[in-house]
A.B. asks: 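I'd like to ask you about the structure that follows.
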Amino acid sequence: MIDFSSDGGLQQSPDQAGQDVEILKSGLHILNYAFSNEALYEGILSVLTKIVPFSDAAILMPTGDGGLETAVTHAGRLMLRVASPKGAFARAVAGEAIIAPDLRELDGWAEAAEGSTAAFASALIVPLESLDEPALIVCVHAEPAFTENHLRALRTFAPIAAQAVQWAKQREALERHRDHLEELVRDRTLELAEQKERLAQALEKELELNGLQRQFVSMVCHEFRTPLAIIDGVAQRVSRRHATLTPERLLGSVDKIRTGVVRLTDLIESMLDAARLEAGSLKFEPRPCCLGPMIDEVCVGIRELNPKHEIVTEVTGLPDDFPADIKLMRQVMSNLVGNAVKYSPEGTHVWVRGSVIGDGDVVIAVQDDGVGIPESDLGRLFDRFFRASTSTGIVGTGIGLHLVRSLVDLHGGEVGVTSKVGEGSTFTVSLPRRRSDQPGMEPDALIGNAA
Ligand code: ADP
């Protein structure tokens with residue numbers, strides 16, 4: 001039998017086989033502790049205290065880069081990390097149990113123990129069989145130093161400790177794997193939910209767009225029919241009464257026909273540009289150009305067709321070499337001024353103002369006293385086919401502003417709107433002055449003086 005009574009740990013006994021059986025019996029007990037690292041180490045310590053007198057104990061584990069590291073320590077003083085095991089550690093790793101009555105003579109200990117050696121007098125290092133490279137170390141502060149008998153007892157215990165550590169490691173790996181799987185499932189579920197949400201949104205948008213497109217087609221038909229009916233009606237009247245018509249009335253009829261033709265032309269132009277934009281075939285050719293005269297020209301055209309509106313332009317301050325695509329900017333201005341007139345009662349004013357700010361950037365504002373736009377509609381105003389609730393009874397297709405924003409985007413600019421129902425709206429286009437070293441911006445490429 002092993003005598004655990006004295007404080008010296010295991011005592012010499014004539015029946016070493018009996019001791020071993022006793023050690024194995026208490027050792028087997030610790031396999032039950034393998035469910036957590038702390039519990040396992042507690043178990044190992046409780047057996048160690050019965051086998052050897054020690055002040056500190058540790059299990060060295062492989063680090064993965066060829067070194068060894070203390071995985072668990074007793075009092076936390078053994079700070080061992082052996083980069084590549086040398087001397088005594090290399091021997092222990094290779095399977096040799098080492099008894100070191102005087103630690104100062106233990107080869108490689110001093111560097112590995114990082115200064116904690118001073119506290120210990122001697123050590124036992126025992127390979128934990130069945131694990132890759134770990135070793136069990138116990139140290140004692142003072143005499144009595146470890147004996148061969150202690151070493152033998154520890155070697156008997158080592159395989160069981162190794163098995164328990166192995167199990168604990170496997171359990172840990174399993175837990176990590178389970179956590180990883182759980183994480184994967186969580187991520188995937190989240191991903192699927194997001195995908196579902198995106199699909200639902202896309203479907204909703206598609207359905208909405210389908211509805212808007214149908215609405216658009218019927219509106220376009222109406223838009224085409226109205227000016228055509230006006231043109232036809234006026235032409236018929238002129239044809240019937242041409243003999244009696246005064247020159248003034250004849251001129252009035254011609255004006256009405258022109259209004260209808262211009263409306264049709266604008267509509268076709270907008271639709272073509274929108275289609276080109278959609279197909280990615282719209283040409284953007286910025287050149288230094290005179291924006292002021294172009295805006296004046298657009299306003300003259302609209303004024304001619306809407307003589308009861310007062311269109312006031314203040315655009316003389318605009319530069320005559322502003323880099324822009326004059327054709328596209330004409331489309332922008334004719335949409336904005338056209339809308340300002342269309343959504344305002346006759347007899348009201350429309351102001352078109354242009355100014356230069358900052359480093360030469362241009363701001364153009366179109367302001368009217370018209371029906372205005374509800375705040376709740378402002379966010380969708382530039383969406384394709386969208387029409388505000390205040391447009392009821394006024395013909396339109398909902399593509400003009402979408403086109404305006406896309407064209408201003410091409411210029412690297414921004415378009416904004418402020419509005420109040422019943423009071424009017426102001427649309428503001430801000431265009432940045434591009435660098436003159438950009439292609440197509442050379443001064444000799446000056447074109448489009450609103451001619
Ligand atoms: P539309 O052909 O309907 O005029 P737009 O794309 O040009 O299409 O304009 C979209 C909507 O924005 C219009 O239907 C109208 O409700 C609103 N809107 C645009 N400009 C004005 C304005 N100056 N005053 C009031 N509402 C406007």
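When a ligand or atom number is given, it counts from 1 through the structure's own listing order. When reading the values below, keep in mind they use all heavy atoms of this one structure, side chains included, and skip hydrogens, waters and symmetry mates.
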A.B. asks: May I ask you to list the atoms of ligand 1 that are less than 4.0 angstrom from any heavy atom of G396?
C.D. replies: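 Ligand 1 atoms under the 4.0 Å threshold to G396: 1 (P), 2 (O), 3 (O).
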A.B. asks: Can you tell me which portion of F386 lies within the under-4.0 Å heavy-atom range of ligand 1? Options are side chain, backbone, both, or neither.
C.D. replies: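 Answer for F386: backbone.
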A.B. asks: Report yes or no: does a heavy atom of D368 sit under 4.0 Å from some atom of ligand 1?
C.D. replies: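 The answer is yes: ligand 1 sits under 4.0 Å from a heavy atom of D368.
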A.B. asks: Which of the numbered atoms in ligand 1 are under 4.0 angstrom from any heavy atom belonging to A340?
C.D. replies: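 Listed by number with element, the hits are 23 (N).
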A.B. asks: Quick one: pull up CG in L136 and CG in L154 and give me the separation to the nearest 0.5 Å.
C.D. replies: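 Interatomic distance, L136 CG to L154 CG, rounded to 0.5 Å: 5.0 Å.
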A.B. asks: Yes or no: does F382 have any heavy atom under 4.0 Å from an atom of ligand 1?
C.D. replies: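 Contact check F382 vs ligand 1: negative.
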A.B. asks: Does H402 reach ligand 1 with a nitrogen or oxygen that is under 3.5 Å from one of the ligand's nitrogen or oxygen atoms?
C.D. replies: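 Such a contact does not occur with ligand 1.
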A.B. asks: Any heavy-atom pair between the side chains of F427 and V332 that's under 4.5 Å?
C.D. replies: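 No, too far: nothing below the 4.5 Å cut-off.
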A.B. asks: Mind checking whether T390 has an N or O less than 3.5 Å away from an N or O of ligand 1?
C.D. replies: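 No, T390 has no N/O under 3.5 Å of an N/O on ligand 1.
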A.B. asks: What I want to know is whether V371 and ligand 1 share at least one N or O pair that is separated by under 3.5 angstrom.
C.D. replies: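 Not met; the criterion fails.
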A.B. asks: For atom 6 (O) of ligand 1, grab the closest protein heavy atom and report residue, atom and distance to one decimal in Å.
C.D. replies: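 Closest protein heavy atom to atom 6 (O) of ligand 1: L401 N, 2.7 Å.
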A.B. asks: Looking only at protein heavy atoms, which one is nearest to atom 7 (O) of ligand 1, and what is the separation?
C.D. replies: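 Going atom by atom, the protein heavy atom closest to atom 7 (O) of ligand 1 ends up being N339 ND2, 2.8 Å.
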A.B. asks: Could you check whether any heavy atom of G370 sits closer than 4.0 Å to an atom of ligand 1, since that is the contact criterion I want to use?
C.D. replies: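 Checking ligand 1 against G370, which is what was asked, there is no heavy-atom contact under 4.0 Å.
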A.B. asks: Going by the order shown, which atoms of ligand 1 are within less than 4.0 Å of some heavy atom of S425?
C.D. replies: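 Near S425, the atoms of ligand 1 are 24 (N), 25 (C).
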A.B. asks: Please set out all donor-acceptor pairs under 3.5 angstrom arising from side-chain atoms of residues 364-383, sequence neighbours excluded.
C.D. replies:
from, atom 1, to, atom 2, distance (Å)
Q367, OE1, R353, NH1, 2.9
D368, OD1, G370, N, 2.9
D368, OD1, S425, N, 3.1
D377, OD2, S389, N, 2.9
D377, OD2, S389, OG, 3.4
R380, NH2, E208, OE2, 2.6

A.B. asks: Strictly below 4.0 Å, N to O, side chains only: are R176 and D179 in salt-bridge contact?
C.D. replies: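 Salt bridge absent between R176 and D179.
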A.B. asks: Name the option, out of R387, K342, Q367, that contains the heavy atom nearest to atom 3 (O) of ligand 1.
C.D. replies: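 Of the listed residues, R387 has the closest heavy atom.
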A.B. asks: Identify, for atom 13 (C) of ligand 1, the protein heavy atom at the shortest distance, and state residue, atom and that distance.
C.D. replies: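 Closest protein heavy atom to atom 13 (C) of ligand 1: Y343 OH, 3.2 Å.
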A.B. asks: Consider every N or O of A388 and every N or O of ligand 1, then say whether any pair is closer than 3.5 Å.
C.D. replies: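 Between A388 and ligand 1, an N or O pair is found under 3.5 Å apart.
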A.B. asks: Could you tell me which non-hydrogen atom of S334 sits nearest to which non-hydrogen atom of I302, and how far apart they are?
C.D. replies: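 Residues S334 and I302, closest heavy atoms: O-CD1, 3.9 Å.
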A.B. asks: Give me the nearest non-hydrogen protein atom to atom 12 (O) of ligand 1 as residue plus atom name, then the distance to 0.1 Å.
C.D. replies: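 The closest one turns out to be L381 CD1, 3.3 Å.
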A.B. asks: Can you list the ligand 1 atoms lying under 4.0 Å from a non-hydrogen atom of I399?
C.D. replies: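 Counting atoms of ligand 1 from 1, those under 4.0 Å from I399 are 6 (O), 8 (O).
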A.B. asks: Determine the sole option in L267, I268, V261 for which the side-chain contact (heavy atoms from CB on, under 4.5 Å) test with T265 is passed.
C.D. replies: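 With T265 as partner, side-chain contact (heavy atoms from CB on, under 4.5 Å) holds for just one option, V261.
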A.B. asks: Which bit of D377 is near ligand 1, meaning a heavy atom under 4.0 Å away: side chain, backbone, both or neither?
C.D. replies: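 Under 4.0 Å from ligand 1, D377 contributes no heavy atoms.
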A.B. asks: For ligand 1, which part of I373 has a heavy atom less than 4.0 Å away: the side chain, the backbone, both, or neither?
C.D. replies: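 Side chain only.
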A.B. asks: Do NZ/NE/NH1/NH2 and the carboxylate oxygens of E297 and R330 come within less than 4.0 Å?
C.D. replies: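 Here E297 pairs with R330 in a salt bridge, since their nearest N and O are under 4.0 Å apart.
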A.B. asks: How far does CG of L336 sit from OG1 of T428, to the nearest 0.5 angstrom?
C.D. replies: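 Interatomic distance, L336 CG to T428 OG1, rounded to 0.5 Å: 9.5 Å.
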A.B. asks: Using 30° and 60° as the class limits, which term best fits the ring planes of H177 and H180: parallel, tilted or perpendicular?
C.D. replies: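 Rings of H177 and H180: tilted, 30 to 60°.
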A.B. asks: Without swapping roles, check the side chain of H309 against the backbone of V341 for a donor-acceptor pair under 3.5 Å.
C.D. replies: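 Checked: pair present.
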A.B. asks: Can you list every side chain to side chain donor-acceptor pair (under 3.5 Å) pair that touches residues 335-347, not counting sequence neighbours?
C.D. replies: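 Residue pairs passing side chain to side chain donor-acceptor pair (under 3.5 Å), neighbours aside: Q331-N335, Y343-R387.
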A.B. asks: What is the nearest protein non-hydrogen atom to atom 2 (O) of ligand 1, stated with its residue, atom name and distance?
C.D. replies: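 Result for atom 2 (O) of ligand 1: T397 N, 2.7 Å.
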A.B. asks: Polar contacts were defined as any N/O atom of the residue lying under 3.5 Å from an N/O atom of the ligand; does this apply to G400 and ligand 1?
C.D. replies: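 Checking ligand 1 against G400, an N or O pair does fall under 3.5 Å apart.
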A.B. asks: Measure across G413 and D409 and return the closest heavy-atom pair with its distance rounded to 0.1 Å.
C.D. replies: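 Where G413 meets D409 most closely, the heavy atoms are O-OD1, 3.8 Å.
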A.B. asks: Taking all heavy atoms of S406 and all of L277, pick out the closest pair and write down the distance.
C.D. replies: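 Closest heavy-atom pair between S406 and L277: CB-CD2, 2.9 Å.
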